[in-house]
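Presented below is the structure to which this report refers.
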Amino acid sequence: MVDHAMEIPEHPTSTGLNNVKLAMWAFLASDCMFFGSLIAAYMVSKGRNVVGPYPEDLINIPFTSVSTFVLLMSSLAMVMALHGIQTGSLARFRIWTVATGLLGLVFLGGQIYEFTEFAHEGLSISHNLFGSTFFTLTGFHGTHVAIGVIWLFSMVLASFKPGLVTQRKSLNVEVAGLYWHFVDIVWIVIFTLVYLLY
Amino acid sequence: MASRVSVGPVPVTSEQTFAQPRGVWSWITTVDHKRIGILYLLTALFFFAVGGLEAMLIRVQLARPNSEFMSADTYNQMFTMHGTTMIFLAIMPLSGAFFNFLVPLMIGARDVAFPRLNAFSYWALLFGAIMINVGWLFGEAPDAGWFAYANLTSSAYSPGNNVDFWVLGIQILGLSSLAAAFNFLITIVNMRAPGMGMMRMPIFVWMTLITAILIILAFPALTVGVTMLMLDRFYGSNFFVPEAGGSPLLWQHLFWVFGHPEVYILILPAFGIISEVLPVFSRKPLFGYSAVVFAGAGIAVLGFSVWAHHMFTVGMGPVPNSIFAISTMLIALPTGVKIFNWIGTVWGGHVSLKTPMLFALGLIALFIVGGISGVMHASPPVDSQHQDSYFVVAHFHYVLFGGSIMGLFSGIYYWFPKISGRMYNELMGQIHFWLMFLGMNLTFFPMHWLGVQGMPRRIYTYDDSQGWNDWNMFVTIGMFVLVVSFVFFAANMLMSLVVGERAPDDPWDGATLEWAISSPPPVYNFRTIPLVTSRIPLWSEKYPEVYGGDDHGAHSYEQPDVDDEHGREHMVPGAHGDSHEHEAHDAHGHDDTIHLPNPSYWPLVTAGGIAIAFGGFLVSYIMVGVGVAMTVIGIFAWALEPAITYVAPTTSDDAAHDHHA
Amino acid sequence: MASTSHHGGAPHVEEHAHPDPRQYIRIAVVLAIITALEVAIFYIKALEDYDTYILLPLSALKFILVVGYYMHLKFDNKLFTYTFIFGLSVGGGVILSLMALFDRMF
Amino acid sequence: MVRRYLGVSPGRGGSGRLIRLASVAALAVLALSLSGCLDESPQSTAVIGGEHNQRIWDVYNWLWIGSLFVFILVEGLLLYAIVRGRAAPRTAHGRPVPVHGNTRLEILWTVIPAIVIVLIGIPTLTVLRDLSSTPEHDNTIKVDIVGHQFYFEFRYPELEVSSTNTLHIPAGAMIDINLQSADVIHSFWVPRLAGKTDNVPGRTNYMWLIADEPGTYAGQCAEFCGLGHALMRFQVIAHEQEDFDAWVEEQLAPPTGEGDPTIGEQLVTGGSCAACHAIEGTAAQGVVGPPLTGFASRPEIAGVVENTPENLAAWLANPPAVKPGTAMPPPGLTEAQIQHVIAYLHTLE
Ligand code: HEA
Ligand code: HEA
Ligand code: CUA
Ligand SMILES: [Cu+2]
């Protein structure tokens, strides 16, 4: 193991588990409730529109399938980045993290495109119940993605300052990864419930 | 040890490092859990007084029929703010004060897991409180009730800014609570002193842990509901708009999915407090420790399955009503287990009726009444007569005032010496208790009769012909007894702070770790981290002949490295004499520096940014932008500044005690 | 992670194997195939009435794969699993009960 | 037994002072409860006016008994423990025997409450089921009740009449009710007759009630619905069947034109108007609304519309329709009564 000059020795914890990682899992549990409530609101409001457009008029499965695929692959890139830093390769960490972030950006671009398309069809957050629930649910997911992208790129930037992103500190990358994958699994659920099963 | 790399500033002498920092700035930038605890305490007491003042005005208005003291508009703001203030700004922060001050001390830690996040929680609480209350300045305080039922809260029916203040304030308070909950969850799971297995933790710590879990899982539902309400109000979305197919009942569900766990968030800390107080003043360990722990966990789990008992009259139909009725009634079982174990603790003890004990016993006596009326509501047919009547008001004041407030005041008296370093005046404490106990029953018991006589809640006036005059007058008079009792409280606290006797380290012959250190505790809490070998570490030390065999929880799974025989020699010494010299050494044997978190103002900047951003929704998007920018800057600066200073090798006499060396 | 092992006393709970990148790629392939399958099922008229019952388990499978392998839950400390599962079940419970209460199954 | 488990250390009887205090407190509570004559109020739930409330009390009685049992038992145990503990010796090291718990006791005090719950659960579920559908009845009248800010509107779909603020029903008849709302959530509650059910916008709820005896039953909106919530009171008048039929006839008949000021005066000063309004020299001394003294010479009604007989008629039929948000609920007058009231009010120069 390389002892880095800036290394802060971890305080041993009662469970041996890292504080930040445990906090991230607790946060994800909490976020399950957050998206659970949003999805519940979407599901109970489904089919109660009093005016169109309705989901079936708008939803574009081929397009969203591609976005879904992009997000899934970003998860792959994320684990590759983590593997990179865990095996001590800063270069692979950077490449894969940038790839993850870029895939995230592609997904976001897709979402923006989708939102504008829907808006052209007359859908808006205030137009009907579908608009309200759809934009809120997918919008919050998109916000999560955006925060993730910022986080990932910040890590890449930080990695240029020696000692900030290292093999010993791969845990920071792992924690970011947990967040990123969670955003991905939320999308798995949304894709099925909101798109495939509209 | 391989990993020990000396870094950071040049070692400083302990006097310099450990001197209490002074001045306002040191409070603003503090990340010390004890100071944050004190900030929570003062804020909570302030808002308790505000909520109490609102209650007084409510009662004055209701003392007589057709009273003209207040208009309907003012009254609606008054009861809404009374409920909101008491729940979010008095009880929760008061519990938070104890979490902050005590959890690290009780588990033998130097601070919480994320000290700066802790400071953030406090500032967010303060800003949220201001946001909710700022409406008073414009005569537009929130006025839709503490559960703000849609669609009365829609812009169509509440066009003013009243509800906006509520929505934005609740969002900020939610962030504050969530941040605190993550912090305490991690602190408790991960920062325990060696030897303190989960089943050795003080019950107060257990209840804090369960409360944290409840917050983590309950608050997101509120956040989502309130976000939707915000979108409905600011951007015309349709979540709760029936004309557009939206459902006002969706709000009720989301609110109570949060709201019922919330009531356990309000009571469990108080339960935890009295589980510490009862044994100490009965001189007997808690009866049925594991039963009390599991009952707490059971309440938490069941607590998520009962929310719709607040909605028995909305027309859910007989099947859902039956299911929620049964699950609600079942909660009586774990709660009963707690009550009975407390009685078992007192039973056969040498009871000393000091003020903290009186309040603890008061909690048991009064909570039983509130619990029973709760179970009465759990029967949907009966609830159809109770719902939204003063019977419910009686129920929740018995559990909230008779339960939470009693417990929290027990805690205030119990830990006052530890927090302030002074003793309170026992006689005045006793007077406070008896007046409060009496006043509480005079005020809230007759509300049962008013409810049975059909008096709905949230009415600003009633008519002579409705037959509620006498009891209402009676209740109002009872409330003034309560007010007098709090005068004794306030006078006692203020006087004791100035002229109170100096408190010894361990005035009550306590059993838990916080009594092993000085009163008030030093900045670093424990010079060396204690090794815990018992649920009642101090008693095991002070009375080895009585509690010698007490090694409960020793074989808890995650502490394989603690061996009891060795450990006993290192047990925390009693509080007699100067504790620092005797403090046991860290089990790991190499903890020769004290790590204290650096002061930081970034938490304040971040919380301020969030508050400004939310406030911006009422002013301009520019302000929202400024707030967001401030938040982002705050977060990055926070992430990049060094968190911990490593300083001050401990004095050599500690090394002499190092048996592991 | 590694840091805990430096402190003699602390148990080595967090030590776990790093799965090999090839496995990550295999999982990605499986995920992609399932997604393709899901989309295909969406277009198959014959399955229209059953799509809920096919699509939900498929997405659950994807969910489990990502959580289990990419998020290492399968190999990691059980405390993480319990934490996550508790949140997931309360959140899932809320979705299901609200759908039932509003008479709105999938 | 219990003594051993709980580790009671020997010690003698209780401290007299505490016992005396406790018994005084208990007596006080008892005295208060007895003096609290629960039927004082016209809205008392404890007065049973019909079958629905009767069924509720079938459960309620069980609950009171169970509650009293649990209350006395548990508070008694607590008091006993305190009193014993106070008397126990308090030497420095003579600490009570530490007891850590007892599994059998834990089971005991889980099982006994569980039995109590079964005992109250069974009647709860039975009654819940019974109340959820209309019992067979040979005289059933359908009523749609619509909540408005801040009054209730009663529509009789089969009789094609309607009224506001006063629900007229025949005594002994089954009233089969659908509840809706025109704006926000309200809750229809006539405590003597039945439990409440909410009027939720966007959905139709259902309930039933029967009034056994002719008479007037007070009701009030129970869900907070805004500024006028407290004043959203109403009445249910149960008539003999003939009187009810006559009332329906009267509603169906066209209004008779000219009003009679003396009848109007009775209606105003002796009726619900007087609760809120004052008129000099009469019994009407209400303070909630503006005084009506000199009404005829005012230019406007409620400050919003010109004081003409037509406007006044519209106002009296439904004030919130004329001035949204007004605290004045529809007074629940018939067309004919409105004409009488107008005639009277125009005498108030
Ligand atoms: C501290 C907060 C707190 C606590 C702990 C509780 C505890 C309970 N509450 Fe309460 N409740 C509130 C705060 C709280 N509540 C508030 C604020 C409201 C109103 C919200 C609003 O509308 O504004 C409310 C409203 C409320 C309602 C809705 C009423 C209505 O609006 O119509 C119901 C209905 O079931 C209910 C039930 C219960 C039950 C069954 C318990 C149980 O947990 C109680 C269990 C305890 C006991 C039963 C006593 C001890 C047990 C024994 C001694 C064993 C033997 C006992 C038996 C066998 C009965 N509560
Ligand atoms: C913890 C919660 C809590 C507490 C403690 C109280 C305390 C009191 N409450 Fe309230 N109450 C609620 C929570 C609480 N309440 C809630 C949630 C509602 C529902 C709101 C809604 O419908 O939306 C409600 C509603 C409510 C109503 C019904 C209003 C209505 O429906 O129209 C009434 C009516 O009497 C009432 C009365 C009182 C009274 C007299 C007190 C008294 O006990 C208050 C006594 C307290 C004081 C007098 C404070 C004095 C304090 C000091 C002097 C300390 C100062 C010291 C220092 C600063 C060092 N409350
Ligand atoms: Cu209508 Cu309250
Ligand atoms: Cu509840």
Side-chain angles (χ1 to χ4, degrees), chain A residues 1 3-27 29-42 44-51 124-133 135-137 139-140 150 154 158 161 164 168 172, chain B residues 1-5 7 107 113-114 178 181-183 185-194 196-198 212-213 215-225 227-228 231-232 235-239 241 243-247 250 253-254 257 558-559 588 595 632 636 639-640 642-644 646:
Chain A
M1 291 266 170
D3 253 344
H4 215 285
M6 290 295 290
E7 203 81 336
I8 293 173
E10 279 256 4
H11 219 28
T13 62
S14 312
T15 52
L17 306 174
N18 175 278
N19 281 347
V20 179
K21 188 170 167 191
L22 191 58
M24 178 47 80
W25 276 109
F27 170 76
S30 182
D31 232 20
C32 280
M33 256 321 263
F34 184 82
F35 279 107
S37 308
L38 280 171
I39 292 172
Y42 182 87
V44 303
S45 307
K46 208 165 124 173
R48 286 164 164 246
N49 273 337
V50 289
V51 289
S124 73
I125 194 160
S126 58
H127 179 74
N128 65 10
L129 196 55
F130 172 61
S132 305
T133 51
F135 284 123
T136 307
L137 175 56
F140 268 106
I150 295 174
S154 315
K161 190 166 176 221
L164 277 183
R168 290 269 314 271
N172 291 337
Chain B
M1 290 274 114
S3 67
R4 173 117 348 256
V5 185
V7 286
I107 62 174
F114 307 107
L178 279 167
F182 289 124
N183 212 340
L185 176 76
I186 307 303
T187 303
I188 293 169
V189 171
N190 259 357
M191 309 279 284
R192 283 165 288 136
M196 180 168 282
M198 294 299 277
I213 295 173
I215 292 178
I216 285 172
L217 294 183
F219 266 79
L222 179 68
T223 307
V224 167
T227 303
M228 292 175 180
L231 293 173
D232 271 9
Y235 302 105
S237 64
N238 306 305
F239 290 100
V241 182
E243 295 77 27
S247 167
L250 176 61
H253 280 292
L254 288 175
V257 163
E558 73 285 48
Q559 291 295 342
H588 302 292
H595 321 152
V632 172
F636 273 96
L640 293 175
I644 297 180
Y646 286 74

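Put simply, the side chain of N49(A) gets close to the backbone of F130(A): a donor and an acceptor are under 3.5 Å apart. Checking side-chain atoms of S132(A) against main-chain N and O of N238(B) turns up a donor-acceptor pair under 3.5 Å.
Using a 4.5 Å cut-off between heavy atoms, L217(B) touches chain A through backbone and side chain atoms alike. For F182(B), the part sitting under 4.5 Å from any heavy atom of chain A is the side chain, from C-beta outward, and nothing else. Neither the backbone nor the side chain of V241(B) comes within less than 4.5 Å of any heavy atom of chain A. Heavy atoms closer than 4.5 Å to chain B are found nowhere in S124(A), neither backbone nor side chain. Proximity to chain B (any heavy atom under 4.5 Å) is shown, for V20(A), by both the backbone and the side chain. Only the side chain of F114(B) comes within contact range of chain A, with at least one heavy atom under 4.5 Å from a heavy atom of that chain. T227(B) touches chain A through its side chain: at least one heavy atom from C-beta onward sits under 4.5 Å away, while N, CA, C and O do not. Contacts of L222(B) with chain A are absent, with no heavy-atom separation under 4.5 Å from either backbone or side chain.
Contact of the R48(A) side chain with the S247(B) side chain is registered, since non-hydrogen atoms from C-beta on lie closer than 4.5 Å. The shortest side-chain heavy-atom distance between R192(B) and T15(A) falls under the 4.5 Å cut-off.
In this structure, a donor-acceptor pair under 3.5 Å is present between the side chains of D232(B) and S237(B).
Rounded to the nearest 0.5 Å, atoms CG (N128(A)) and OG1 (T133(A)) are 8.0 Å apart.
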Review item, side-chain donor-acceptor pairs of residues 29-36 of chain A, under 3.5 Å, at least two apart:
residue: S30(A); atom: OG; partner: I216(B); partner atom: O; Å: 2.9
residue: D31(A); atom: OD2; partner: H144(A); partner atom: NE2; Å: 2.7

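Looking only at heavy-atom pairs under 4.5 Å with chain A, the residue among A181(B), A244(B), A113(B) that has the most is A244(B).
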